[in-house]
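One structure below.
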Amino acid sequence: MGQQANLYSFPAVDALATALRTYVIHCQTAGIARHGVFKVAVSGGSLPKTLAQALLSPPASDADVVHWGKWEIFFADERAVPLDHADSNYALLKAELLDKLPGGTAQPAVHPIDVEALDETQELADRYERTLVQSFASRDSVRLPIFDLLLLGCGPDGHTCSLFPGHELLRETDAWVAPIEDSPKPPPRRVTLTLPVVTHAVKVAFVATGGGKKEVMKEIFEEGNGLPCALVNEGCGDRCSWFVDNAAVEGVTYPRRPFSL
Ligand SMILES: O=C1O[C@H](COP(=O)(O)O)[C@@H](O)[C@H](O)[C@H]1O
């Protein structure tokens with residue numbers, strides 16, 4: 001059996017955010033060394049707020065700088081709504097993080113969905129896949145895009161991106177981006193990176209906080225049960241790292257590691 005996912009647990013979100021920043025900057029350095037940019041996809045939900053806490057603080061040293069101008073930001077999933085809609089993951093990331101970048105900061109290249117295709121989720125997914133193809137086609141392999149880092153959330157039902165427990169989308173093997181019309185969590189119409197794309201990333205980091213996640217964390221780490229988050233753990237092994245607070249893993253027996261790179 002290969003290496004298993006890393007579980008890093010912190011007493012509070014402040015300490016989690018500090019470690020997450022160190023981890024993201026390590027991935028950024030590797031991505032820029034590899035191909036001159038940092039290609040990252042982010043979730044919505046609770047993730048952008050914690051990410052902002054991690055990344056908006058001033059650098060502690062030259063090695064701690066976020067090179068925003070080198071970032072290409074994609075969305076791990078997105079809801080089929082306008083970009084200024086309350087349900088939009090883009091709007092959330094913009095409000096929590098992008099709009100708060102200090103003045104004079106080189107801006108990241110941000111890749112939202114094409115809202116011209118909101119009425120047709122297959123077309124919306126196809127267009128977003130073409131956005132990925134344009135960005136990744138010159139990479140070493142185009143069979144699947146290779147994100148430098150995916151920053152993901154974990155829903156209380158074990159979903160991640162818009163990949164839900166028991167849903168047929170978990171069996172998708174061809175598409176990079178897929179539509180979903182029946183998301184059990186509203187809104188129902190969405191697009192999402194597929195599981196093969198998620199598990200093909202160089203690194204995957206989950207962020208999960210709060211006691212509301214402890215039941216599902218126990219299931220993910222102790223039973224698996226085919227939950228989407230567990231499938232990512234199984235597909236990525238130690239390329240996958242979880243940044244959680246103690247409340248989210250209360251009662252979980254899976255071994256936690258002291259954070260280190
Ligand atoms: O619907 C979604 O939910 C998940 C999990 O959200 P959280 O609030 O429990 O962290 C999120 O990762 C995903 O991007 C979003 O579309």
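Counting starts at 1 for both ligands and their atoms, in listed order. Since the structure is predicted, the reported quantities are computational estimates derived from the model, not experimental observations.
- Residue-ligand proximity, Arg190 to ligand 1, at heavy-atom distances under 4.0 Å covers atoms 1 (O), 2 (C), 16 (O).
- Close approach to Cys154 involves these atoms of ligand 1, each under 4.0 Å from a residue heavy atom: 9 (O).
- The two residues Ser162 and Asp77 make their nearest non-hydrogen contact at OG-OD2, 2.6 Å.
- Checked against the 6.0 Å centroid criterion, the rings of Phe221 and Trp242 qualify as a close aromatic pair.
- Below 4.0 Å from some heavy atom of Ser43 lie the following atoms of ligand 1, by number and element: 12 (O), 14 (O).
- Note on ligand 1: Ser183 sits outside its first shell, no heavy atom being nearer than 4.0 Å.
- Checked for salt-bridge contact, Lys39 and Glu72 meet the test: a charged N lies under 4.0 Å from a carboxylate O.
- Between Leu170 and Gly226, the closest heavy-atom pair is CD1-O, 4.3 Å.
- The OG1 atom of Thr199 sits 7.0 Å away from atom CZ of Arg239, with the distance rounded to the nearest 0.5 Å.
- In terms of protein heavy-atom proximity, atom 1 (O) of ligand 1 is closest to Arg79 NH2, 2.9 Å.
- The part of Asn89 lying near ligand 1 is the side chain, judged by heavy-atom distances below 4.0 Å.
- Considering CD of Gln28 and CH2 of Trp68, their distance stands at 8.5 Å, rounded to 0.5 Å.
- Taking every heavy atom of Gly155 and a limit of under 4.0 angstrom, the matching atoms of ligand 1 come to 5 (C), 9 (O).
- Annotation: Gly44 places an N or O atom under 3.5 Å from an N or O atom of ligand 1; distance criterion only.
- From the protein, the heavy atom lying nearest to atom 6 (O) of ligand 1 is Lys185 NZ, 3.5 Å.
- Counting the atoms of ligand 1 from 1 in the order shown, those under 4.0 Å from a heavy atom of Ser46 are 7 (P), 8 (O), 10 (O).
- Aromatic ring centres of Phe243 and Phe206: separated by at least 6.0 Å.
- In plain terms, the two heavy atoms of Asp245 and Gly210 that are nearest each other are OD1-N, 3.0 Å.
- Contact annotation for Lys213 and ligand 1: only side-chain heavy atoms (C-beta onward) come within less than 4.0 Å of the ligand.
- Heavy-atom contacts from other residues, nucleotides or ligands closer than 6.0 Å to NZ of Lys70 number 12 or fewer.
- Ligand 1 places these atoms under 4.0 Å from at least one heavy atom of Asp77: 13 (C), 14 (O), 15 (C), 16 (O).
- Within the 4.0 Å heavy-atom shell around ligand 1 one finds His159.
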